[in-house]
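Indexing begins at 1, ligand by ligand and atom by atom, following the structure's order. Note that these values count all heavy atoms, side chains included, but never hydrogens, waters or copies made by symmetry. One-based numbering along the sequence shown.
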Amino acid sequence: MKKNNKYAVITGASSGIGYALSCQVAMRGYNVILIARDTDRLETVSNDLVANYGVGVITLAYDLTCQSSIEQLMQALEPYIDQVEVFINNAGVGLSGEFVGNSLSEQHRLLDINIKATVTLSHFIAKHFIAKKRGYIMNVASLAAFQPGPYYSSYYATKSYILHFTEGLAVELKKHNVICSALCPGTTDTPFHHRAGSTDTGLAKGLFGIVMSANEVAAAGVKGLFKKRVVVVPGIVNKIAMFSIRLAPRWLARQITAQINQ
Ligand SMILES: NC(=O)c1ccc[n+]([C@@H]2O[C@H](COP(=O)([O-])OP(=O)(O)OC[C@H]3O[C@@H](n4cnc5c(N)ncnc54)[C@H](OP(=O)(O)O)[C@@H]3O)[C@@H](O)[C@H]2O)c1
């Protein structure tokens, strides 16, 4: 383990963007606490980080859709909490298709992980960071946060929540020297779309066929966090898309997104 005792916590660290974010903070010398459910994948990520960056790694396997599991996780974090300087709420899932075509339990699971877990863990860590008068919180939203998303309606709405929640927190916590940043990736090459059942959609193929790597997204996200950027949209095409959505009438944004998501 490196001599410094700073920790970064990353949820959803067993795969995709979370794994890449873990590498980005580890290369800056942070020891890492990795959270996800898949213990084998967590072990693999842990071995990679130790081998490549020589940092200390702690893995915690918890299900963030379950309130009692989140409470156990917060207890497990307590021994390290004074050393935690960065907290990244990245874990999230997608749910594609018509709203009524997905079960209500799938909808609730989506809200539990994408919103409830992020709000619960943000509340937990913000109080510690305020007491310490420093800290960095990153919440992973999406380019989907900037418009409604027919055929992916609940997912897009969860990401709008995370974006607006994080922007609000950023203002509230600034006076305590606590930085909040929302990372808003466009389509990224991870297992996300396979898991969400959306591999055949235009969304999975990316705007103009452009799909960023998880490493590119994570590098932009962590750079933005430490530069105290409240909203980080990685990639020029995604930035253009974000500004275009702002200028387009809402009916048009809805129609285009429906085409992309089907
Ligand atoms: N890929 C994209 O195109 C894209 C675009 C914009 C935003 N995002 C956002 O980026 C974030 C990361 O997604 P990704 O693309 O990296 O997808 P991913 O590779 O599927 O990673 C999702 C991570 O979340 C964890 N996770 C899922 N359910 C969980 C649960 N119930 N409890 C604890 N951990 C759980 C997974 O670990 P386990 O399965 O081991 O639990 C995994 O580590 C998400 O918030 C997603 O909405 C992705």
Just jot down the ligand 1 atoms closer than 4.0 angstrom to any heavy atom of [X], in number order.
X: Asp63; value: 30 (C), 31 (N), 32 (N)
X: Val93; value: 27 (C), 28 (N)
X: His193; value: 3 (O)
X: Thr187; value: 3 (O)
X: Val140; value: 9 (C), 10 (O), 11 (C)
X: Tyr62; value: 32 (N), 33 (C)
X: Ile17; value: 10 (O), 15 (O), 16 (O), 48 (C)
X: Thr65; value: 31 (N)

Could you tell me whether [X] approaches ligand 1 through its side chain, its backbone, both or neither, with non-hydrogen atoms closer than 4.0 Å?
X: Arg41; answer: neither
X: Tyr19; answer: neither
X: Ile113; answer: side chain
X: Ala214; answer: neither
X: Ala144; answer: neither

Considering only heavy atoms from C-beta outward, does the side chain of [X] approach that of [Y] to under 4.5 Å?
X: Thr188; Y: Ile17; value: yes
X: Val86; Y: Tyr7; value: no
X: Ser122; Y: Asn89; value: yes
X: Ile260; Y: Tyr151; value: no
X: Ile162; Y: Val140; value: no
X: Met212; Y: Asn238; value: yes
X: Val231; Y: Cys184; value: yes
X: Leu121; Y: Leu73; value: yes

Would you mind finding which of [options] brings a heavy atom closest to [atom]?
atom: atom 6 (C) of ligand 1; options: Gly94, Gly16, Ala91, Pro185; value: Pro185
atom: atom 1 (N) of ligand 1; options: Thr190, Asp40, Leu73, Ile162; value: Thr190
atom: atom 23 (C) of ligand 1; options: Cys66, Cys184, Gly12; value: Gly12

Ligand 1 N/O within reach of [X] N/O, cut-off under 3.5 Å:
X: Tyr155; result: yes
X: Ser142; result: no
X: Arg37; result: yes
X: Leu64; result: yes

Which residue and non-hydrogen atom of the protein lie closest to [atom], and at what distance in Å?
atom: atom 19 (O) of ligand 1; answer: Ser15 OG, 2.5 Å
atom: atom 3 (O) of ligand 1; answer: Thr188 N, 2.9 Å
atom: atom 44 (C) of ligand 1; answer: Asn90 O, 3.3 Å
atom: atom 20 (O) of ligand 1; answer: Arg195 NH1, 2.8 Å
atom: atom 13 (O) of ligand 1; answer: Phe192 CD1, 4.1 Å

Query raised in the report: For residues Ser69 and Gln72, is any side-chain donor paired with an opposing acceptor at under 3.5 Å?
Result: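 No, because no side-chain N or O of Ser69 sits under 3.5 Å from a partner of the opposite role on Gln72.
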Query - Validation row, ring centre Tyr136 to ring centre Tyr30 under 6.0 Å - result: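 Distance test on ring centres: not under 6.0 Å, no.
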Query raised in the report: Taking the inter-plane angle between the rings of Tyr152 and Phe192 on a 0 to 90° scale, is it parallel (under 30°), tilted (30 to 60°) or perpendicular (over 60°)?
Result: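 Aromatic pair Tyr152/Phe192 classed parallel.
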Report task. Please round to the nearest 0.5 Å and tell me the distance separating atom NZ of Lys239 and atom OG of Ser244. Result ->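 Lys239 NZ to Ser244 OG: 13.5 Å, rounded to 0.5 Å.
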Query raised in the report: When rounded to the nearest 0.5 angstrom, what is the spacing between CG in Leu34 and CG in Leu60?
Result: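 Leu34 atom CG to Leu60 atom CG measures 8.5 Å (nearest 0.5 Å).
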Query raised in the report: Backbone N or O of Leu225 within a donor-acceptor pair of the Lys228 side chain at under 3.5 Å?
Result: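 No, the answer is negative, given that no donor and acceptor are paired below the 3.5 Å cut-off.
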Query raised in the report: Please walk me through it: do Thr11 and Tyr62 pass side-chain contact (heavy atoms from CB on, under 4.5 Å)?
Result: CA-CA 10 Å; Thr11 72; Tyr62 288 95; over 6 Å; no
Query raised in the report: Non-hydrogen atoms of Ala141 versus ligand 1: any pair closer than 4.0 Å?
Result: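 Under 4.0 Å: yes for Ala141.
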